[in-house]
Amino acid sequence: SVFAANYKYATFPSIALGWMISDEPFLKAAGFIDMLKIRVSYGSIGNQAIAPYNSLSLSGLQRYVFGDGGPSSLGVVKSTLGNDNLKWESTYTTNTAMDFSLFKQRISGTIEVYNSNTKDLLVSRSIPVMTGYTTILTNIGVVNNKGLELSLNWINIQRNKFQWNSSATYFHNKNEIVHLFETDLDLDGKEDDVVANRWFIGHPINSYYDYVFDGIYQEGDTDIPPGSQPGWVRVKDLTGEGTRNADDRTILGSGKNPKDEFSIRNNFSYGNLSLSVFLSGMLGWDAMFNLINPLVPGRALNQVDEGWWTAENKSNTRPTLLYNNPLLTNWYVSRNFVRIKDASIAYDFDKTTLDRFKLSSFRLYLSVKNLYTFTKFPGSDPESGGDYSSEQGSTNLFPMPRTFTLGFNIGF
């Protein structure tokens, strides 16, 4: 019910091999190695993330009036354009990994390297409106993802009363479009990008393509173009023609997914007292804001106040609130952040106290969620991208709540 008549099914094979090297005789002398295993796999998976029957030409009801003052008639019209060759989106992945444990399990972890190609992507492609339709579901292109995944666990200190152990994860991913339609209409020897959809060969999906911000026009500037005035945005003239037009746009980054993600957890204990701190972060991504003040009328929340340009406050980073954005450019900011996501402290009462009150266990604890976020992101939350005028619309306007919990666990 999902795909068209020509592609009702597909085959997705995979294979995986593993080698426990630590069991081999030539590693028996390496006493510091507890376990060492190599894994290699290759396989494919399919994606059918479209609604049933969308590969078909569907019909809808439409009313139409024939002549002035005539009654309306109800007709059936073709509402979507079908595609008999619509098929599965397929991802082919090569993965190489190593699992290890060293020094009597004092250090353990996994390292993985992967390379993934997704072919025949299911996308809604824009088509000329003179066809009677604006889009059609189709399969196009190849997108590549390659990266590294690392997880580690280690013991820092292990004494009679004091213990300190840590764990960490790290993910790095590089995403890029390998090819789209394999066309070269401008005959420059390179495959054409699709600017309307923000698809650029060799760059991540949903890249930002815009003018390069170059400050604010100030009073006394001699290069203010006609139609602009002090307090308006200046953009770079990349072509060197002396004017600003669509040819001056360039790729500024991507906000789809971060290039790097990491987390670190530290657990401390001294006698019956324990402390746990968990940090996480995401790096290498951006968010898009409007350059004008993104007011949200009728909402009971604070508005963005970034020091907008006035005659008394001649900002070189924010325009006047009267700026009407003739070039329809935007303001791009980093979404990088490091967050103390969780911190908790607990005390377990000793056996003498438990026996006095006839209890099997009694733990008193205090925990804080989202204790603090280190970021220069001006919106409400860099992780969700919540701001006051993002490309997703005015969503996620409120910041991540900081939650304090005081409680106890009792066992009878």
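Numbers here are sequence positions counted from 1. Hydrogens, waters and symmetry mates are skipped; everything else that's a heavy atom, side chains included, is used.
- Side-chain contact, Ser72 with Arg63: a donor N or O sits under 3.5 Å from an acceptor N or O.
- Under the ring-ring contact (aromatic ring centres under 6.0 Å, His included) criterion, the residue pairs touching residues 102-138 are Phe32-Phe103, with sequence neighbours excluded.
- At most 12 heavy atoms of other shown residues, nucleotides or ligands fall within 6.0 angstrom of atom NZ in Lys78.
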Inset, instruction - List the steps, then state whether salt bridge (charged side-chain N to carboxylate O under 4.0 Å, His left out) holds for Arg363 with Asp348. - result: CA-CA 5 Å; Arg363 162 172 280 207; Asp348 292 283; 2.9 Å; yes
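- Panel note: side chain Asn325, backbone Thr329; a donor-acceptor pair is recorded below 3.5 Å.
- Side chain of Ser280 to backbone of Ser263: no donor-acceptor contact under 3.5 angstrom is found.
- Side-chain contact check for Trp331 versus Met288: every heavy-atom pair is 4.5 Å or farther apart.
- With Asp214 contributing its side chain and Lys236 its backbone, the two residues share no donor-acceptor pair below 3.5 Å.
- Around the CZ atom of Phe162, the shell of radius 6.0 Å holds more than 12 heavy atoms that belong to other residues, nucleotides or ligands.
- Tested against Val194 for a side chain to side chain contact (heavy atoms under 4.5 Å, CB included), the candidates Ile177, Leu180, Ile140 yield a single pass: Leu180.
- The main-chain N or O of Glu89 is never found under 3.5 Å from a side-chain atom of Asp120 such that the two would form a donor-acceptor pair.
- Judged purely by distance below 3.5 Å, without hydrogens or angles, the side chains of Thr91 and Thr118 pair a donor atom with an acceptor atom.
- Side chains of Ser44 and Ser90: a donor-acceptor N/O pair is absent below 3.5 angstrom, by distance only.
- The aromatic rings of Tyr347 and Phe349 lie perpendicular to each other, with more than 60° between the two planes, well past the 30° mark.
- Atom-to-atom distance recorded for Arg249:CZ and Thr239:OG1 is 12.5 Å, nearest 0.5 angstrom.
- In terms of heavy atoms, Gly60 sits closest to Ser79 at N-OG, 3.9 Å.
- Here the CG-CG distance, from Leu36 to Asp34, works out to 10.5 Å after rounding to the nearest 0.5 Å.
- Among residues two or more places apart in sequence or in another chain, the side-chain contact (heavy atoms from CB on, under 4.5 Å) test is passed with Lys174 by Lys146, Glu176.
- Under 3.5 Å, the side chains of Tyr7 and Asn85 contain no donor-acceptor pair of N or O atoms.
- If you check the side chains of Ser167 and Asn165, you find no donor sitting under 3.5 Å from an acceptor.
- Minimum heavy-atom separation, Pro382 to Thr373: CG-CG2, 4.3 Å.
- A distance of 11.0 Å separates CG in Leu371 from CZ in Arg339, rounded to the nearest 0.5 Å.
- Side chains of Asn336 and Thr375: no donor on one and acceptor on the other come within 3.5 Å.
- With a 6.0 Å cutoff to the six-membered ring centre and a 45° limit on the axis angle, Arg335 counts as a cation-pi contact of Trp285.
- Looking only at atom types and distance, the side chain of Asp99 has a donor-acceptor partner in the side chain of Thr110 under 3.5 Å away.
- Taking CD1 of Ile264 as the start and NZ of Lys341 as the end, the distance is 14.0 Å to the nearest 0.5 Å.
- The structure places CD1 of Ile345 at 7.5 Å from CG of Leu366, a figure rounded to the nearest 0.5 Å.
- Scanning all heavy atoms of the two residues, the minimum distance from Ser315 to Gln218 falls at O-NE2, 2.9 Å.
- Residues Tyr270 and Phe268 place their aromatic rings such that the two centres sit no closer than 6.0 Å.
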Inset, instruction - Please lay out, stage by stage, how Phe3 and Trp88 fare under the test ring-ring contact (aromatic ring centres under 6.0 Å, His included). - result: CA-CA 8 Å; Phe3 292 110; Trp88 291 78; 5.2 Å; yes
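- Looking at Asp381 and Ser384, their side chains do bring a donor and an acceptor atom within 3.5 Å of each other.
- Side-chain contact check for Asn115 and Asn144: at least one donor-acceptor pair (N or O, by modelled atom type) lies under 3.5 Å.
- For the pair Leu152 and Phe100, the minimum side-chain heavy-atom distance is below 4.5 Å.
- At distances below 3.5 Å, not a single donor-acceptor pair connects side-chain atoms of Asn117 with backbone N or O atoms of Tyr92.
- Put simply, the side chain of Asp248 gets close to the backbone of Asn245: a donor and an acceptor are under 3.5 Å apart.
- The closest side-chain heavy-atom distance from Phe377 to Val333 is below 4.5 Å.
- Minimum interatomic distance between Ser22 and Ile33 (heavy atoms only, all atoms of both residues): CB-CG2, 4.3 Å.
- Trp232 pairs in a ring-ring contact (aromatic ring centres under 6.0 Å, His included) with only one of the listed residues (Tyr323, Trp309, Tyr217), which is Tyr323.
- Separation of the Phe213 and Tyr211 ring centroids does not fall under the 6.0 Å cut-off.
- Taking the six-membered ring for Trp and thresholds of 30 and 60 degrees, Phe362 and Phe408 have ring planes more than 60 degrees apart, a perpendicular arrangement.
- To the nearest 0.5 angstrom, Leu150 atom CG is 8.5 Å from Thr169 atom OG1.
- Leu81 is not listed as a side-chain neighbour of Thr135, based on a closest heavy-atom distance of 4.5 Å or more.
- No more than 12 heavy atoms of other residues, nucleotides or ligands lie within 6.0 Å of NZ in Lys190, so this atom counts as exposed by the packing criterion.
- The side-chain hydrogen bond (donor to acceptor under 3.5 Å, both in side chains) analysis of residues 222-231, with sequence neighbours excluded, yields the pairs Asp223-Arg234.
- Put simply, the side chain of Asp286 never gets that close to the backbone of Gly255: no donor and acceptor are under 3.5 Å apart.
- Annotation: Phe404, atom CZ; neighbour count of heavy atoms from other residues, nucleotides and ligands within 6.0 Å is above 12.
- Here the side chains of Met282 and Asp260 are not in contact, with every heavy-atom distance at 4.5 Å or above.
- When side chains are defined from C-beta on, Asp237 does not count as touching Thr243, because their heavy atoms never get closer than 4.5 Å.
- For the residue pair Ser276 and Arg265, a side-chain donor N or O sits within less than 3.5 Å of a side-chain acceptor on the partner.
- Smallest separation of non-hydrogen atoms from Val76 and Ser59: CG1-CB, 3.7 Å.
- In plain terms, the two heavy atoms of Ser207 and Pro204 that are nearest each other are OG-O, 2.7 Å.
- In terms of modelled atom types and a separation under 3.5 Å, the side chain of Arg106 and the main chain of Ile155 share a donor-acceptor contact.
- Asp210 places a side-chain N or O within donor-acceptor distance of the main-chain N or O of Asn330, the cut-off being under 3.5 Å.
- Judged purely by distance below 3.5 Å, without hydrogens or angles, the side chains of Asn266 and Trp164 pair a donor atom with an acceptor atom.
- Not a single donor-acceptor pair under 3.5 Å links the side chain of Asn145 to the backbone N or O of Ser116.
- Here the side chains of Val143 and Asn175 are in contact, with some heavy-atom distance below 4.5 Å.
- No close placement of the Phe171 and Phe262 rings is indicated, their centers lying 6.0 Å or farther apart.
- No donor-acceptor contact under 3.5 angstrom links the side chains of Asp84 and Asn6, judged on distance only.
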